[in-house]
Amino acid sequence: MSRQVESKEAVRALSTHTKVVDEACYEQAGVLHHSESNKAAIAALTKHQLAYHLDDEHGVQIHSSVKRLLDRVTSRYRFRERHGEFSNQIENLDYAVDSYRRVKDFNDDKKQHYLDEIREITVEINDALVETVSSFHRIVADEFSMVTDVDDKIRQIGRCKLEIGRINSIFEHLSVKKLREWVQTDIHLERILLKLLKSKIDIALKDLNVSNKKMVDMLAKLQRDKKSSKLNRIIDVFAAKFQDDKTFSPSIDSIECLPDCLSQVSETEVRAYGNTNSDIQADDLIDLAVRALASGERKKGKASDLDSIEVTDVREDEEEFELNEVDEALELLFEAIKTNPNILPLSAAQSYTLFDLDIELEDWLLLVDGYISAQKVGLKSIVQIKEEREVVLPYDGNVIISDIVFETIGGA
Amino acid sequence: MNKFESVFRLLMSKKVICEYASPIEYTYLSDTRNRSDMNQYLSRISMTTVETQDGLGFYCGYENIDNTRKKNEVLKDFEVFSQTMEGIIAWLKLARNIDSDSRPIMAGGKLSESELLAAIEESNSLQNQLDHIALKLKRAHKSKESKTKLRSILDYLVQEGYFVSPSSTGSLFIATAKWSLLYETLEFIAINEGMLEIEADSGNELDTQMGLI
């Protein structure tokens, strides 16, 4: 008798605190936190060994047997895979139809037995389909009310969609052609399979596809929500940082391996110049120059006719240019190289340090290289020019010129 | 100009090519053969096309940062970006506050200047936020009119490639995938500065789920 009293009191404890227990099981991973509102539930459940103490910080863990009980009684509210079940039932149906056809002409008892079996399987398929459809409806309508985590929701919907796909492909085998093969000319089978089963399957599959479509929308929405919450978190941490630390300025100087997002190339101007030394382009370039001149004049409102452009020969005229610091240094360097062999050997990098220029070394080397290219013939007879080259491994086709050294011809 | 050249010029001008800013070039580059052609061309100058993590845009990046010149270039660009970062974050917050669902700006998202202005003029707090953004981005911050400030900020964001304005009146703005690149950068910085924890990326899983659709 006391056993029954014990059971009754345990069930009553669960019944009294159903809401708290249900929430804890499906939303808090079975944990009941210590709080004033949970106090009574914790006392009742621990008294009947339906929960056990974890620690003061985490509270009380509801026993897995309680979770199993809730799972059991609420199973129709949750998704479970049934495509295997359908597949088995269709196989059973195939076997029963085959057996029925074999015995129907000579054994009435067995014929009736198999006909009953076919009817039962058909009813079972119908019931399972109705239950599956209603469970998917619930999933769509409640948006997985038992799952609060977005990732879980996404996973669940993914599984549901996969299941619908499998069920659809299983029932694709139950085509009218297949059913006709089973029925042939049998009037009993026709009523069961072609009229009853087929119509129910069609309705159920149509319903499943509606659920599927809704789930696609839900999944897209969840994806958006998840992405939004991630981006909002990023915005918030920076906003908080700037508020807390007015001087905050992140630095990436010390990062050795930069990610793609920080490896974007700087704005690079893409342009080309006409080759004024080429006869091939001469006509086109003259044409372009004349047009550009005319268009410039037209804009100024001075001339509108190409023929009226007066061309003055200024080739013999002299014009004075003011050299800037860098050009001046460049001129000085080459003048010294050409006139004073005592300063050799001299490197471009050395001269860069001597001149103390306000440009990058790479730019200085480029200028020196440009000067050499322009005066190659003249320089070659005076000095020997050596380029110090470096290659960064693994070799990517690029050779970096780190310095240019001028030496006396035949010198070390 | 052929499509290859047009894509190349956009990449060289530091643009993020996306469906909203340059649909023709985006379609061209979305074709794996065309992208591979472009990468082959760019690889001779140690560059490559990079797709944003959300797959909404392409930009040009270095294959690797293996010398001082490249590193200095990247650092210089980052320094310029970090000077506007506070203003941009404040703008993101303002736009999110005005959105009815509190959604952040994302590629393809639309902003209406008149709606923004109406919301700002109704709220002192939003006006203060706008003033702060104008100050941080140095856009019409001396002006007393919210309308002038808002227009100046929007013009700046269009000029920087964050938005495109398809209508001739310029009152509607569509966000480009440059925001995707910005969020990637911010996330990296936040993790690097210890402001965010590295999150187990469920992106692949999500993609799989979308694949099921």
Side-chain angles (χ1 to χ4, degrees), chain A residues 150-151 154-155 157-159 161-162 165 212 215-216 219-220 222-242 246 248-270 360 362 390 392-394 396-398 400, chain B residues 8-9 11-14 44 46-47 50 52-54 59-78 82-83 85-86 89-90 92-93 96 101-106 181 183-190 192-193 195-196 199 202 205-206 208-210 212-213:
Chain A
V150 176
D151 281 337
I154 289 172
R155 229 181 337 267
I157 294 179
R159 280 177 64 210
K161 285 176 43 49
L162 199 62
N212 191 37
M215 272 192 266
V216 170
L219 193 55
L222 286 171
Q223 302 264 29
R224 275 198 303 275
D225 289 351
K226 193 173 158 60
K227 193 177 175 190
S228 292
S229 75
K230 182 185 170 183
L231 300 182
N232 276 336
R233 201 167 58 247
I234 293 174
I235 297 169
D236 288 338
V237 292
F238 274 96
K241 186 76 183 173
F242 280 117
K246 304 279 179 212
F248 172 65
S249 177
S251 163
I252 55 165
D253 294 18
S254 57
I255 302 168
E256 277 190 22
C257 194
L258 290 168
D260 284 344
C261 60
L262 284 169
S263 306
Q264 192 182 11
V265 296
S266 294
E267 193 168 346
T268 312
E269 197 181 2
V270 181
E360 297 288 325
E362 286 89 345
E390 282 175 17
V392 177
L393 294 174
D396 62 356
N398 287 322
I400 299 160
Chain B
F8 179 73
R9 283 183 181 277
L11 291 172
M12 287 299 107
S13 60
K14 217 185 168 199
R44 300 191 68 178
S46 307
M47 292 176 189
V50 185
T52 55
Q53 279 172 13
D54 58 10
Y59 57 94
C60 186
Y62 286 117
E63 281 179 333
N64 42 49
I65 298 181
D66 51 9
N67 65 41
T68 326
R69 186 185 60 79
K70 287 182 197 168
K71 178 103 190 218
N72 286 344
E73 207 175 281
V74 167
L75 292 180
K76 202 171 161 191
D77 280 359
F78 183 76
S82 63
Q83 282 160 10
M85 196 191 285
E86 190 176 355
I89 295 285
L92 281 168
K93 227 179 140 185
R96 187 183 66 181
D101 296 326
S102 295
R103 273 175 310 195
I105 296 174
M106 279 190 260
L181 180 60
Y183 286 123
E184 275 177 44
T185 310
L186 291 177
E187 188 181 10
F188 175 80
I189 298 165
N192 191 51
E193 297 277 333
M195 292 148 60
L196 262 185
E199 178 176 282
S202 52
E205 191 188 321
L206 299 186
T208 314
Q209 303 295 354
M210 289 308 280
L212 291 170
I213 297 171

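Quantities reported herein were computed from a predicted structural model and do not represent experimental measurements. So that the names make sense, note that chain A is the first sequence line, chain B the second, and so on, each numbered from 1.
Side-chain contact between K227(A) and M106(B): present, with at least one pair of heavy atoms (C-beta onward) separated by less than 4.5 Å. Put simply, the side chain of R96(B) reaches to within 4.5 Å of the side chain of D236(A), judged on heavy atoms. Residues Y59(B) and D260(A) are in side-chain contact: their nearest non-hydrogen atoms beyond the backbone lie under 4.5 Å apart.
Heavy atoms of K76(B) lying under 4.5 Å from chain A are absent altogether. Within the 4.5 angstrom heavy-atom criterion, only side-chain atoms of F78(B), from C-beta onward, approach chain A. Residue D101(B): no heavy atom, backbone or side chain, is found under 4.5 Å from chain A. With a 4.5 Å cut-off on non-hydrogen atoms, L262(A) touches chain B through its backbone and its side chain both. For L186(B), the parts sitting under 4.5 Å from any heavy atom of chain A are the backbone and the side chain alike. S251(A) touches chain B through its backbone: at least one of N, CA, C or O sits under 4.5 Å from a heavy atom, while the side chain does not.
Residue K70(B) places its NZ atom among more than 12 non-hydrogen atoms of other residues, nucleotides or ligands, all under 6.0 Å distant.
The minimum heavy-atom distance linking V265(A) with L11(B) is given by the pair CG2-O, 4.4 Å.
In this model, a donor atom of one side chain and an acceptor atom of the other lie less than 3.5 Å apart for S266(A) and E73(B).
Put simply, of E184(B), M195(B), K93(B), the one with the most heavy-atom pairs under 4.5 Å next to chain A is M195(B). Ranked by heavy-atom pairs under 4.5 Å with chain B, the first of S229(A), S249(A), P250(A), A239(A) is P250(A).
With rounding to the nearest 0.5 Å, the separation of OG in S263(A) from CE in M47(B) is 12.0 Å. Note that SG of C261(A) and OH of Y183(B) are 14.5 Å apart. Values are rounded to the nearest 0.5 Å. Atom CD of Q264(A) sits about 8.5 Å away from atom OG1 of T185(B), to the nearest 0.5 Å. A distance of 12.5 Å separates NZ of K241(A) from CD1 of I189(B), quoted to the nearest 0.5 Å. How far CZ of R103(B) is from CG of L231(A): 12.5 Å, rounded to the nearest 0.5 Å. We find the CD-CZ distance between E86(B) and F238(A) to be 11.5 Å, quoted to the nearest 0.5 Å.
Taking 4.0 Å as the cut-off between side-chain N and carboxylate O, E187(B) and K230(A) count as a salt-bridged pair.
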